[in-house]
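Notes for the one structure printed next.
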Number of protein chains: 2
Amino acid sequence: MKGKDIILGLLKTRGPLTGYEINEILQDQLNHFYVGSYGMIYPTLKKLENSGFVKKEKVSQDDKPNKNVFSILSLGEKEFNKSLYKPLQDDEFKSDFLIKIYFGNQFSKSEFINLIKNEIRIKKENLRLLEDNLEKWKNNGMNDNHKFTYDYGIIYYGSIIRFLENKLKQAENI
Amino acid sequence: MKGKDIILGLLKTRGPLTGYEINEILQDQLNHFYVGSYGMIYPTLKKLENSGFVKKEKVSQDDKPNKNVFSILSLGEKEFNKSLYKPLQDDEFKSDFLIKIYFGNQFSKSEFINLIKNEIRIKKENLRLLEDNLEKWKNNGMNDNHKFTYDYGIIYYGSIIRFLENKLKQAENI
DNA sequence: CAACGCATGTAACCGGTTACATGATTTC
DNA sequence: GAAATCATGTAACCGGTTACATGCGTTG
C-alpha cells in the first residue's frame with residue numbers, strides 16, 4: 001500500500017478531508033509506520049482527482065483561510081479495496097543507527113557510548129510523542145484496529161529502549 | 001547513511017570486494033536494517049569509481065567467471081568517515097501490515113485473523129533466516145558490533161511475534 | 001506587529017527498485 | 001543437459017523528499 005492508498009482509505013473511513021487534515025492524521029496516528037508529508041499529500045490528491053478517484057470541493061471559511069475538501073468517489077473505493085487485498089508486503093525497516101553500530105569499530109569508546117545514548121533519547125522521544133497523542137486520538141474516533149497499531153508502537157519502542165539500555169551498560173563496563 | 005556509504009564502509013573494514021560479495025554481505029547480515037540489491041550495488045560502484053572513491057581491478061579466474069574487485073581509495077575513506085559523523089537519522093519504518101490493520105474494519109473477522117497469522121508467519125520466517133545466518137556469520141568475521149545488530153534483530157522479531165500472538169488470541173475470542 | 005495556526009501548492013531532485021539481459025563454470 | 005552458483009550490468013520507472021513559495025486570519 002502506497003501513499004495514495006492511505007489517502008483513499010482515510011477518505012473512505014473518515015469521510016471528506018482536506019490535505020491539511022490528512023497531514024494531521026498521518027502525523028498524529030500513522031507516523032510510526034508510515035511517514036508522509038505535504039510534498040506527498042498534495043501531488044497525490046491531484047493525481048487521484050485526475051484519475052477520477054476523488055473529487056475536490058472548494059469551501060469558503062470566514063474565520064480561517066478557504067480550503068479544498070476531498071471526497072472519495074466509487075472508482076476510488078474500488079481502487080482502495082483492491083489495494084487491501086494485494087499480497088502483504090514485508091515491512092521496510094532502515095536504521096541509520098544500526099548501520100553506524102555495524103561499523104562501530106570506527107568510533108572511540110565515548111563516541112560509541114554517545115551514539116547509543118543518542119538513540120535511546122530519540123526512541124524515548126518517539127515513545128513519548130506516541131503516548132501524548134493517545135488522548136487526542138481517543139477523542140477523535142479511535143477504534144480497536146487503531147489501538148492495535150498504537151499498541152504495536154508502544155511494544156516496539158519499549159522493547160528497543162530496554163535492549164539499548166542493556167547494551168549501553170555493557171558498553172560502559174568494557 | 002546511504003547505500004554508497006555502506007559500500008564504502010564494507011570496503012574499508014573488510015578489504016577489497018566484488019559487487020557479488022557485497023550483495024552477499026547485505027543479504028546475510030544487514031538485510032534486517034538495510035535492504036540492498038544488485039540494482040543499487042553496481043550503479044553505485046560505478047559512481048564511486050567515477051568520483052575517485054574506489055578503484056576497480058579485473059581479476060581472471062579459472063574455476064569461475066572473471067570478476068571485478070573494488071578497493072577503497074583515500075578519498076573514499078574520507079567520504080566514509082564524513083558519513084559516520086553526520087547527525088543520526090531517525091529510523092525509517094514502513095509497515096504494509098499495520099496500514100492494513102489500521103483499516104481493519106474493512107475486513108471480515110476471518111480475513112482479519114488471516115492477516116495477523118500471515119504476518120506472524122512472515123516475522124517467524126525473518127527470525128529464522130536471521131538465526132540461520134549466525135553460524136555462517138561467525139565464521140566470516142563477526143565482531144561485537146555486528147553481534148549488536150544481530151541481537152537487535154532477534155529482540156525486535158521476538159517482541160513483535162509475542163505481541164502479534166497475543167493480538168491473534170484476542171481477535172479469535174471476539 | 002510578531003508569532004502561530006490554518007491552508008495550499010510546485011520544481012528539482014534522489015535514492016533507489018523492477019524488470020530485463022547475459023554468460024561462464026560446476027554439480028547433479 | 002538441467003539446475004545451481006558465480007558474476008555483471010542497464011533502462012525505465014517510482015514513490016516519494018526537500019526546499020521553496022505564498023497567504024489568510026487569530027491570538028497575545
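Chain identifiers are assigned alphabetically (A, B, ...) following the order of the sequence lines, protein sequences preceding nucleic acid strands; residue numbering begins at 1 within each chain.
Heavy atoms from other residues, nucleotides or ligands lying under 6.0 Å from CG of A:D132 number more than 12. More than 12 heavy atoms of other residues, nucleotides or ligands sit less than 6.0 Å from atom CG of B:D63. Dense packing is recorded around CG of A:N140, with more than 12 heavy atoms of other residues, nucleotides or ligands lying under 6.0 Å away.
The existence of a salt bridge linking B:R121 and B:E125 is excluded, since no basic side-chain nitrogen approaches an acidic carboxylate oxygen closer than 4.0 Å. By the 4.0 Å N-to-carboxylate-O rule, B:D96 lies too far from A:K86 to be salt-bridged with it.
Figure legend: cation-pi geometry between B:K4 and B:F53 absent, as NZ or CZ is not positioned both under 6.0 Å from the six-membered ring centre and within 45° of its axis. At least one cation-pi condition fails for A:K67 and A:Y20: the charged atom is not both under 6.0 angstrom from the six-membered ring centre and inside a 45 degree cone around its axis.
Checked against the 6.0 Å centroid threshold, A:F33 and B:F93 do not count as a close aromatic pair.
If you measure from atom CD of B:Q27 to atom P of D:dC6, you get 14 Å, rounded to the nearest angstrom. D:dC6 atom C1' lies 15 Å from atom CD1 of B:I25, rounded to whole Å. Here the P atom of nucleotide C:dG5 and the CG atom of A:N23 are 14 Å apart, to the nearest Å. The separation between B:E92 atom CD and C:dT17 atom C1' is 15 Å, rounded to whole Å. At whole-Å resolution of the value, CG in B:D28 and P in D:dT5 are 13 Å apart. At whole-Å resolution of the value, CG in A:L26 and C1' in D:dT17 are 15 Å apart.
Terminal axes of the helix from C:dC1-D:dG28 to C:dC28-D:dG1 (five pairs each, C1' rotation axis) are separated by 30°, to the nearest 10°.
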Let me have a per-nucleotide readout for nucleotides 7-16 of chain C, 5' to 3', with B, S or -, counting only protein heavy atoms under 4.0 Å. BBBB----SS

